[in-house]
S.K.: 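Quick one: structure below, then a few questions.
The sequence lines fix the lettering, A, B, ..., with proteins before strands; numbering per chain opens at 1. These numbers come from the heavy atoms of this one structure, side chains and all, not from hydrogens, waters or symmetry mates.
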There are 2 protein chains.
Amino acid sequence: MKIDKSLVKSFPLFEKMPDDDLERLLSQATIRRIPAGDAVFEQGGAATHFFLLLNGRLKVTQVTPDGQQIIVRVVHPGDLFGFAKALQRLDYPGTALCVSEALALCWPTDLWPRFIDRNPQLAITALNTIGQRLDEAHTRIREMSTEEVERRVAHAVLRLSKQAGKAEDAGVRIDFPITRQDIAEMTGTTLHTVSRIMSAWESKGLVSGGRQRLLVRNVAGLKALADGAKAG
Amino acid sequence: MKIDKSLVKSFPLFEKMPDDDLERLLSQATIRRIPAGDAVFEQGGAATHFFLLLNGRLKVTQVTPDGQQIIVRVVHPGDLFGFAKALQRLDYPGTALCVSEALALCWPTDLWPRFIDRNPQLAITALNTIGQRLDEAHTRIREMSTEEVERRVAHAVLRLSKQAGKAEDAGVRIDFPITRQDIAEMTGTTLHTVSRIMSAWESKGLVSGGRQRLLVRNVAGLKALADGAKAG
DNA sequence: CGCTGTATTGACAACGTTCAACGGTTGTGG
DNA sequence: CCACAACCGTTGAACGTTGTCAATACAGCG
């Protein structure tokens, strides 16, 4: 299958890469279509490939020994994922589940050291990416340590609307199917609590949505909640 | 001041580095003594240097806008810290506070790109380090999402005993001063709850300790708690 | 048309925070 | 060297947020 070079080049991660380097990179990639509901890789599986998401959405989940699940992150177009081997792991730490029909580039993890060798700039880019991800993780830890559930949910929804928001007449639509359970797993609470919170928000006109759909009608209002304004 | 090369070389991070590369690295470092209670750098301050801890202990904290504090991580000898600029940040995301008289190597952050250029292996090493740190952050998120306070505290104490444990007759001593407040800030709870939990543990012979001291008397027992055994 | 997954809502229990008071230890300055 | 302040730790009681249990309803899909 043919790979759209200009699409890849439009991602911040690759925009600074010289054309011929990019060409070489892409020539070694294969492309893969992932239907919604399929897993790209599974927690604990051997880390044979790493990936670049071209479009669609994935969620990366982890399950605890006793069966509880959390969402580690949502993968958006332009994101690298399945990075495990680059971090000196042999297995994937989580499961990447497709929630919205996706297209991804795949490289064998063995190629990683050679890439770095040829292109040290890539190492720095990768470092920045991981660093940013670490920062996000710390933010989440800080929120879970210090904020009550409603604020955490507000933050999560705002992040989603930033990363996956599509402007509509009535507000900002989260551009992929997402359930209350998903939001619960992103914020460390239960779907019941999320449902209660979002019902309250809906009656205040902050959001609206039903089954797997979510529309933010009042971003400023949500921000106020996220920043600590008490719900009135 | 003279720098002890063999000490640096004993850290996993540098053990694979050729001698002359290491020499060059060290020749550009300055050494700094940090008394307990002092900050190496402060949250929001310009990221002018990055560091390697030779001995002593630091805690890296963040404060929220409304004044609550969390401990992001504890820095142990051999750890790199103050990495910010390598991750494309201009400021330090947290404050590094010395809790136990420390010695650290300092490099200007400007040197980082040159280091990488000269020594691509260093980039991979750094990538692994950050990757591991990301993994730890996810572990913490998972624990905070799914586990109750007592298990989280058990996990935190076990980690400390692994990273800073010193064998003693009666058990494993945490080798630096640590308060209930500290543990609360590592686990996302209050010092009151930590105090209650540790009092209960003490009466069961799992731990002992008083003012800023902590001794784990029964590692297996704590592990059982951390793995989900109900407290009897 | 019934099944499965999603969502809503109520009642209740509990875990953990908040508020409050007190005791002990360390370190400091008169 | 003693008095005092500052810090650390403990414990009790009350409250509240949030999880648990349970029942119902609705949408999509085979």
S.K.: With a 3.5 Å distance limit and no angle check, can you tell me whether B/Arg151 reaches the backbone of B/Ala226 through a side-chain donor-acceptor pair?
M.R.: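 Judged by distance alone, yes, a pair lies under 3.5 Å.
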
S.K.: Does the A/Ser195 side chain pair with the main chain of A/Leu191, one donor and one acceptor, at a distance under 3.5 Å?
M.R.: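 No, because the side chain of A/Ser195 does not come within donor-acceptor range (under 3.5 Å) of the backbone of A/Leu191.
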
S.K.: Does B/Arg196 contact C/dT18 through a side-chain donor or acceptor facing the base, at a distance under 3.5 Å?
M.R.: yes

S.K.: Given D/dT18, is OP1 or OP2 found less than 4.0 Å from the side-chain N or O atoms of A/Thr189?
M.R.: no

S.K.: For the pair made of CZ in B/Arg151 and C1' in C/dG16, what is the distance, rounded to whole Å?
M.R.: 17 Å

S.K.: Is the phosphate of C/dG16 approached by B/Thr193 (side-chain N or O, under 4.0 Å from OP1 or OP2)?
M.R.: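 Negative; the distance criterion is not met.
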
S.K.: Rounding to a whole Å, what distance do you find between B/Glu202:CD and D/dT11:C1'?
M.R.: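 These atoms are roughly 14 Å apart.
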
S.K.: Between P on D/dT20 and CG on A/Leu191, what's the gap in Å once rounded to a whole number?
M.R.: 11 Å

S.K.: Nearest-Å distance, CD (A/Glu150) to P (D/dT17)?
M.R.: 11 Å

S.K.: Contact class for A/Thr179 vs. all strands (heavy atom < 4.0 Å): base, sugar-phosphate, or nothing?
M.R.: sugar-phosphate

S.K.: A/Ile197 has an atom CD1; how far is it from atom P of C/dT9, in whole Å?
M.R.: 14 Å

S.K.: State, with a plain yes or no, whether a side-chain heavy atom of A/Leu225 is found less than 4.5 Å away from one of A/Leu206.
M.R.: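 Result yes, sub-4.5 Å side-chain heavy-atom pair found.
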
S.K.: If I take atom CD1 in residue A/Ile178 and atom C1' in nucleotide C/dG5, what distance separates them, rounded to the nearest angstrom?
M.R.: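 The distance from CD1 of A/Ile178 to C1' of C/dG5 comes to 16 Å, rounded to the nearest Å.
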
S.K.: Could you check how far CZ of B/Arg213 sits from C1' of C/dG24, rounded to whole Å?
M.R.: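 My rounded result for the distance is 16 Å.
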
S.K.: Confirm from the modelled atom types if B/Arg211 and D/dC7 form a donor-acceptor pair under 3.5 Å, side chain to base only.
M.R.: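 Flag set: donor-acceptor pair detected.
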
S.K.: Mapping B/Glu148 and A/Met198 onto DNA chain C by nearest heavy atom, which one lands closer to the 5' end?
M.R.: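 So the residue in question is A/Met198.
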
S.K.: Determine whether B/Arg57 and B/Ile174 make a side-chain contact, defined as any pair of heavy atoms from C-beta on separated by less than 4.5 Å.
M.R.: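 A side-chain contact is absent here, since even the closest heavy-atom pair is not under 4.5 Å.
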
S.K.: Can you tell me the distance, in whole Å, between the CG atom of A/Leu214 and the P atom of C/dA7?
M.R.: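 Result: 10 Å.
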
S.K.: Do B/His192 side-chain and D/dT11 base share a donor-acceptor contact under 3.5 Å?
M.R.: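 Under the 3.5 Å cut-off, the side chain and the base do form a donor-acceptor pair.
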
S.K.: Between C/dT18 and B/Thr190, is there an OP1 or OP2 to side-chain N/O distance shorter than 4.0 Å?
M.R.: no

S.K.: Is the phosphate of C/dT8, meaning OP1 or OP2, less than 4.0 Å from a side-chain N or O of A/Ser195?
M.R.: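 For C/dT8, OP1/OP2 do have a side-chain N/O of A/Ser195 under 4.0 Å.
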
S.K.: Does a salt bridge link A/Asp175 with A/Arg173, judged by any charged N lying under 4.0 Å from a carboxylate O?
M.R.: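 Salt bridge between A/Asp175 and A/Arg173, a charged N being under 4.0 Å from a carboxylate O: no.
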
